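Predicted, not measured: the structure shown is a model, and the values here were computed from it. Order of listing sets the numbers, starting from 1, for every ligand and every atom in it.
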Amino acid sequence: MAATNDIQYKFPEGFWWGSAASATQTEGAADIDGKGQNIWDYWYEVEPNRFFNGVGPDKTSQFYYKYKEDIKLMKEIGHNSFRMSISWSRLIPNGNGEVNPKAVEFYNNVINELIDNGIEPFVGLFHFDMPMEMQKIGGWESREVVDAYEAYATTCFELFGDRVKKWFTHNEPIVPVEGGYLYDFHYPNVVDFGKAVQVAFNTILSSAKAIKAYRELNQDGKIGIVLNLTPSYPRSKNPADVKASIICDAFFNRSFLDPSVKGEFPEELVQILKAEGFMPQYEAEDLEVIKNNTIDLLGVNYYQPRRVKAKENLPNPEAPFMPERYFDYYVMAGRKMNPHRGWEIYEKGIYDILINLKENYGNIECYISENGMGVEGEEKFRDENGIIQDDYRIEFIEEHLKWVHRAIQEGSNVKGYHLWTFMDNWSWTNAYKNRYGFVSVNLDKDGERTIKKSGQWFKTVSANNGF
Ligand code: BGP
């Protein structure tokens, strides 16, 4: 362990060190103990070929069975906090109605085990996993589903809120909009911008309703949302490029950030939706609910930047409407790459997000809820002692943490850093392709766990509260 006087980047007392994961990506046990199907279980059943190597959500990393062992490992590598999510279709198999007692038992056990090990549970209510019965009646397109979600959220607060003091209504809510309704990488694989807007609006409304329900219960915790705030950098200062980046930002960041923090929608976006004829349907009181129920705490997910320029070509008027009618992406020459995932690495992006929150969003309390480096074929880095030598991940985390540290020096209200993810897990259509964990999961050996070099390193960082 580094001597304390060797620490160059010291973080504030009580900084949250940990990682994040989600229910459907880790639990497995997809069809036992009363769990209902969600869209992933269903989609895998009907189109297994859409998943990398045909691996589905049925087994994943078996957290359902191995949670005690996993939580022990979390403690061992220095976690003082961990974000998990509750599977809506495990807790309430039909999405609305009967609560599954086996699920209550499981989540109680996990939450208690975390607390007994000195790890604060941060709990998300929705991480991409719509119950199939709810999807059948329209998913987030439907007001009925918004109401069912509010009831589900209330049930969670009532069941677990005595111990859980940090709640998140949604994780990256723009992703089910993109995946399910624009770009065909989540079920229901609809390509329809009008529906996408309705889904986005209803998701925001559901978040505000859950926040309202939480406050009405007078529990003494905090409630927020986790957003992937990918900055949109313009190619140049040319006004056309800058305008393109502002519009891109309004579509993909401010669409959820502004209503969540300020209770209002970005004017640039509303203007476009009106001009293009895509305003969602809503009731007048919805806007009041959104306005009056903003978040306490913001989770920030950051992986890579967006690089944007003015559109080069006229769009095909026959093609479905897409946000990209207003901008093009471009590849910046000289960008730094994660060659194992094909994503750009731009560490300063994390600082830019935090400074933006400080300057334009009232310096809302926030934390880095996901950041991480996916590596395809990571087994090749396993050494003769069986340890994955992931020095690239250590460097990735360090370089991002330096910028987080700098933002703190400049007054950012950022309270913690969680890696995506604790252990290698099943990542939607990418299944087990890209590995992100502090802990490796060997699928050929019944999910055997081994702490990677980065996990050992993180333990020291957490113990020293810096590096
Ligand atoms: C984030 C999601 C996670 C996870 C991660 C890695 O956006 O919140 O659920 O899947 O991306 O993605 P991938 O495995 O596609 O590299």
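At a heavy-atom distance under 4.0 Å, no atom of N228 approaches ligand 1. The side chain of H127, and not its backbone, has at least one atom closer than 4.0 Å to an atom of ligand 1 (non-hydrogen atoms only; side chain from C-beta on).
Side chains of N108 and R163: a donor-acceptor N/O pair is present below 3.5 angstrom, by distance only. In this model, a donor atom of one side chain and an acceptor atom of the other lie less than 3.5 Å apart for D390 and S454.
The nearest heavy-atom contact from the protein to atom 10 (O) of ligand 1 is S427 OG, 2.7 Å. Looking at atom 15 (O) of ligand 1, its nearest protein heavy atom turns out to be N430 ND2, 2.8 Å. In terms of protein heavy-atom proximity, atom 7 (O) of ligand 1 is closest to E172 OE1, 2.8 Å. In this structure, atom 16 (O) of ligand 1 lies nearest to the protein heavy atom Y436 OH, 2.3 Å.
Annotation: R341 places an N or O atom under 3.5 Å from an N or O atom of ligand 1; distance criterion only. No N or O atom of W420 sits closer than 3.5 Å to an N or O atom of ligand 1.
Between M373 and H340, some side-chain heavy-atom pair lies under the 4.5 Å cut-off. Using a 4.5 Å cut-off on side-chain heavy atoms (C-beta onward), S22 and N171 make no contact.
Per-residue contacts place N171 under 4.0 angstrom from the following atoms of ligand 1 (heavy atoms of the residue considered): 8 (O). Close approach to E370 involves these atoms of ligand 1, each under 4.0 Å from a residue heavy atom: 1 (C), 2 (C), 3 (C), 8 (O).
Between Y67 and F63, the ring planes are perpendicular. Angles over 60° get that label, and only those under 30° would be called parallel. Between W140 and Y149, the two ring planes are perpendicular [angle over 60°; tilted spans 30° to 60°].
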Show your reasoning for whether side-chain hydrogen bond (donor to acceptor under 3.5 Å, both in side chains) applies to K35 and S89. CA-CA 6 Å; K35 183 185 168 300; S89 65; 3.3 Å; yes
